[in-house]
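Read through the structure below, which is laid out as structure tokens, and then see the notes.
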2 protein chains.
Amino acid sequence: MVSDTRSAIREVALELFARHGYEKTSLREIAERLGMTKAALYYHYPSKQALLLSIIEPLIAEWKTVADKASTRPHDRPNVRLVLRECLDVLLGYRPIAAMFTRDGAAVLQAIGPLYEDLLEIMRRLHAWLAGPSPTTADRIRAVAATEVLGAALGWSPDMVGVSDDDLREVLLDAALAVLRQGGRSAR
Amino acid sequence: MVSDTRSAIREVALELFARHGYEKTSLREIAERLGMTKAALYYHYPSKQALLLSIIEPLIAEWKTVADKASTRPHDRPNVRLVLRECLDVLLGYRPIAAMFTRDGAAVLQAIGPLYEDLLEIMRRLHAWLAGPSPTTADRIRAVAATEVLGAALGWSPDMVGVSDDDLREVLLDAALAVLRQGGRSAR
DNA sequence: GTCTATACCAGGATAGAC
DNA sequence: GTCTATCCTGGTATAGAC
């Protein structure tokens, strides 16, 4: 199979990062799980941050795809729903990784380093699109709040255990739409 | 004045934690700012986590007050608005500290240690109250999403710079209410 | 190309002198 | 109440075995 050492490292790292947090997970711990030494990891990844980055990257790429596609679409009701749904699907599809963003925000931002500006830009475009054309301040706040609603899917809260993805999808989508529509001007 | 060394330490620590994140801030850095050594800090606080905890504690206490007061009130429309408003006021009043929760989640959870269960309980009660009596799964998801909306006030997003507290208060309050009312059964 | 051994430095923590 | 000295752990760098 193609799955080599690097994939194995990423897999173990993701599991430990997700469980104990990035900073609380040592390279020694990861190495031991794989039956190798700390230094061996350095052959495959130049740093702990680079390892984290390799795990995070696919999520950022997905996120960018969603933002890119959104930009090409007119801002009308069905499209707003569609875009929000795509955001939600990314979050749910990469749940353990996305959860690290909310859990280890500081570490993740450090790790993505140069990509940080890219991510801000992606979110900025997404928010701008969701806020609609010539948005008021309130529209911009609502756009951010709407994406925040979707973040509830990441389920750090014990009130969310045992809730199915389908329930989350349906309820959060409508909730996010409700936030945006508070504007009254209901997307044109 | 009463403001002794301990307050000075907390003040400097909060500033650095807020700016560089908890893990990226070293005790040496804090000590140097205050013209003392690392070890001196240990006379005042038994650990870095304890220092963080002392900063976080007031916020948790406020949060608990809000949850306690909510429990005593009937779940009707004006009260839901009132409770959400109180939550928002806590967030805005302790903004730099509250922002650390979202930014350094993992570190904060570690730090509050024994208080972690208390905090979960507080949030559980708040969510339960917001979800209303005999809630459906959807109601429970909406309750979590509504509190998530309020978190948008913490403004990690560059789209939120330069937005006034008053604008945030008004827009986010209505947005959170819109999420809850998606239930159709509009609080009885 | 893959890994081990080893050393280095920074950061949190502790003991004991002043 | 503050300092010096010390310890341990963790991320990092490099030399070299296979």
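In what follows, chains carry the letters A, B, and so on, assigned in the order in which the sequence lines appear, proteins first and then strands, with residues in each chain numbered from 1. Note that the coordinates shown come from a computational prediction; the quantities given were computed from them, not determined experimentally.
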Please work out if B:Thr37 contacts a base, only the sugar-phosphate, or nothing of the nucleic acid, heavy-atom cut-off 4.0 Å. base
Using atom CG of A:Leu27 as one end and atom P of C:dC8 as the other, report the distance to the nearest whole Å. 20 Å
Between CG of A:Asp4 and C1' of C:dC3 the distance, given in whole Å, is 15 Å
B:Ile30 CD1 to C:dG11 P, in whole Å, measures 11 Å
Of residues 38-49 of chain B, the positions that come close to DNA chain D - non-hydrogen atoms, cut-off under 4.0 Å: B:Ala39, B:Ala40, B:Tyr43, B:His44
How long is the line joining CZ of A:Arg28 and C1' of C:dT4, in whole Å? 17 Å
If we count only N and O atoms by modelled type, under 3.5 Å, do the side chains of A:Asp139 and A:Thr136 hold a donor and an acceptor together? yes
Quick one: A:Lys24 NZ to C:dG12 P, roughly how many Å, whole number? 10 Å
B:Tyr22 six-ring face occupied by B:Lys48 cation (under 6.0 Å, within 45°): yes
Nearest whole Å is fine: how far is C:dA10 P from B:Glu23 CD? 19 Å
Expressed in angstrom and rounded to an integer, what is the separation of A:Leu51 atom CG from D:dG11 atom P? 11 Å
Could you check how far OH of B:Tyr22 sits from C1' of C:dG12, rounded to whole Å? 9 Å
Could you check whether B:Thr147 and B:His127, counting side-chain N and O atoms only, form a donor-acceptor pair closer than 3.5 Å? yes
Can a donor-acceptor pair be found between the side chains of B:Asp166 and B:Ser164 at a distance below 3.5 Å? no
Under 3.5 Å, is there a donor-acceptor pair between the A:Asp68 and A:Thr65 side chains? no
Does any donor atom in the side chain of A:Tyr45 or A:Arg10 lie under 3.5 Å from an acceptor atom in the other side chain? yes
